[in-house]
Protein chains: 2
Amino acid sequence: MGEFDVIARYFRRAQDQGGVVSLAGGDDCAVLQPTPGQQWLVSTDMLVEGRHFLTTVPPEALGHKALAVNLSDLAACGATPRAFFLSLALPRVEESWLAGFARGLFALADAHGIRLAGGDTTAGPLNICITVMGEAPAGQALLRSGARVGDDVWVSGVLGDARLALELWRGRVQLSGEDFEHVRRAMEWPQPRVALGQALRGVATAALDVSDGLAGDLGHLLARSGVGACLEWAALPRSEILARQAQDLQHECLLAGGDDYELVFTAAPQARSSVEAIARALGLPVHRIGRIEAQPGLRLVDAQGQTQAVRVQSFDHFA
Amino acid sequence: MGEFDVIARYFRRAQDQGGVVSLAGGDDCAVLQPTPGQQWLVSTDMLVEGRHFLTTVPPEALGHKALAVNLSDLAACGATPRAFFLSLALPRVEESWLAGFARGLFALADAHGIRLAGGDTTAGPLNICITVMGEAPAGQALLRSGARVGDDVWVSGVLGDARLALELWRGRVQLSGEDFEHVRRAMEWPQPRVALGQALRGVATAALDVSDGLAGDLGHLLARSGVGACLEWAALPRSEILARQAQDLQHECLLAGGDDYELVFTAAPQARSSVEAIARALGLPVHRIGRIEAQPGLRLVDAQGQTQAVRVQSFDHFA
């Protein structure tokens, strides 16, 4: 099976050529028709075997996750997903792997109405690079720079389960079979909060997605907004499984976990009822975890009511 | 030196944040403002060490080529380059390599007025994935599907030198030092024909860039247009260096070479003077190499005036 067969069999679909992608497949570029009054939001993420995913990950989960982490960036900006581009370096053509990967990828793409508009396929060490494009009304995209002193800090869902799964793989913790499946699912099947991001346009003042750990990612938002924040340890949302772990492990998973793909956002206190209404409408819990302050840096009120500084550091691939 | 230092030192530039990229750097997505009346043209290419470039390539040439092959796709569609996204997997942080790579990349970017709007940096086997975005007036992008029976087939520049350089590396041919430098330059520093592509809007009926070899790439254009073509061996433009090689090697380099990044396009015979005027204005030679015919497939009139079928096959990464 050659390169063009791989594309034809697994990545070309008989689908509507209308919408924003006016033409696709077979030309040197895809042609995208902007929607009047909208701006494009564009992001790209590269996933490397052994770095971003374990060799043991089922291909269907990998296809899902490769697109999910990209959709999560669109979600963070409140964008409506439109088109994505997939570049794939494969060590070899393995049909069952490709079939599973494509199944996971397209199931999530269909769920969010985003179209595969182009890409590249080559031989090489396994590498998945996806570029996503979405739209938002001009000037209304959620950015990291809009947090204001006095804003609430919110987070969707729960944090830390994906990191707990990693610690399990590393042999640091042991979990029951059921708990293992739960945290593994959090790591392998993250759900990008696309609908939440769109609903937060005009409500949130700033937003980002937690991919490298709450403390580090929130640190970027604070720096861009020129503010600080104080979070409450007790308010950080965690699963019952994580809540049963030792405090230091909880601390690590909640603040430096990574791979959460939940949205952290800020909003004025007057917007609380709007935020809660959005959460109810989407059936997605959101939690108020702290407050934006004028003093730069990130602080945490711990279980004993003591305020401590949090070292703001994201995961660094070259550290 | 960590991931964020790499980005800050080599890939962030103090530059105008205006134009189509209204905001860039630090947010989860770049925000692009469409120009009224324009469509977006988007393409992506992934380059893998040992597959798309030799380990010996100077980093500056690699930075140039990684963007050049992508710009070539915009050129093929007649698009004006606007923004690009760079994802980079690096085995390690090597400052001299990064400095050279960035120098080559940005020199070409600046020459074509295209902005680095976002990207991703990670550890992993060396892999460069670039997504380019350009604009063209709605409905005027050059596609592969517009060739009509009776059209001339044109190609820019010369073909085959990059492939000749590869054969030299493989030890199949020997060249003088000066000739070696010439063909190595063709391989390592391809010049995307961006201005030509734009000038051909409204003149050419179909176009593509030759990246996988003339026969295979033109075959895609013929298939998409539902036509065939007959080329003339004597008319295929080649350097004096290639013209001195054995006929079978010339044949291979000209028809199945790859890495040429010249534009192949079709245009009505009435457009000949326009095409020639464009070529003169740009100081870029173009050559009429054949004719579009109703009979499917690709044929070649050889040096003896005999017409032979050409096997249409592109380079296949998994063949």
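Only a predicted model underlies this, so the values are computations on that prediction, with no experimental measurement involved. In what follows, every heavy atom counts, from backbone to side chain, and hydrogens, waters and symmetry copies are set aside.
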*Measure distances from A/T121 to the heavy atoms of chain B and classify the residue's part below 4.5 Å as side chain, backbone, both or neither.*
both
_With a 4.5 angstrom heavy-atom cut-off, is it the side chain or the backbone of B/C129 that approaches chain A, or both, or neither?_
both
*asked:* Less than 4.5 Å apart, side chain to side chain, heavy atoms only: is that true for B/L143 and A/V31?
replied: yes
*What residue in B/H52, B/R92, B/E49 has the most heavy-atom pairs under 4.5 Å with chain A?*
B/H52
*Which of A/D45, A/N127, A/L208 touches chain B most, by non-hydrogen pairs under 4.5 Å*: A/N127
*Choice from A/A141, A/A76, A/C77 maximising heavy atom contacts with chain B below 4.5 Å*: A/C77
*To the nearest 0.5 Å, how far apart are OG1 in B/T131 and CG in A/D120?*
9.5 Å
*Sort out for me which of A/L90, A/T44, A/V6 touches chain B most, counting heavy-atom pairs under 4.5 Å.*
A/T44
*What part of A/A206 is in contact with chain B, defined as an atom under 4.5 angstrom from a non-hydrogen atom: side chain, backbone, both or neither?*
neither
*Of all of B/S211, B/G119, B/G124, which one pairs up most often with chain A through heavy atoms under 4.5 Å apart?*
B/G119
_As an exercise, state the distance from CZ of A/F85 to OG of B/S43, rounded to the nearest 0.5 Å._
8.0 Å
*Between B/Q39 and A/P34, which heavy-atom pair has the shortest distance, and what is it?*
CA-CD, 4.1 Å
*Full working for side-chain contact (heavy atoms from CB on, under 4.5 Å) between A/M46 and B/L88*: CA-CA 8 Å; A/M46 180 179 264; B/L88 202 51; 6.0 Å; no
_What part of A/Q38 gets within 4.5 angstrom of chain B, counting heavy atoms only: side chain, backbone, both, or neither?_
backbone
*If you count heavy-atom pairs under 4.5 Å between each of B/S72, B/A75, B/S87 and chain A, which one has the most?*
B/S87
*B/D27 and side chain to side chain donor-acceptor pair (under 3.5 Å): which partner among A/R144, A/R224, A/H220?*
A/R224
*At a heavy-atom separation under 4.5 Å, does A/L221 approach chain B through its side chain, its backbone, both, or neither?*
neither
_If I take atom CG from residue B/D28 and atom CG from residue A/L263, how far apart are they, to the nearest 0.5 angstrom?_
8.5 Å
*Identify which of A/T122, A/L74, A/L47, A/D5 forms the greatest number of heavy-atom pairs closer than 4.5 Å to chain B.*
A/T122
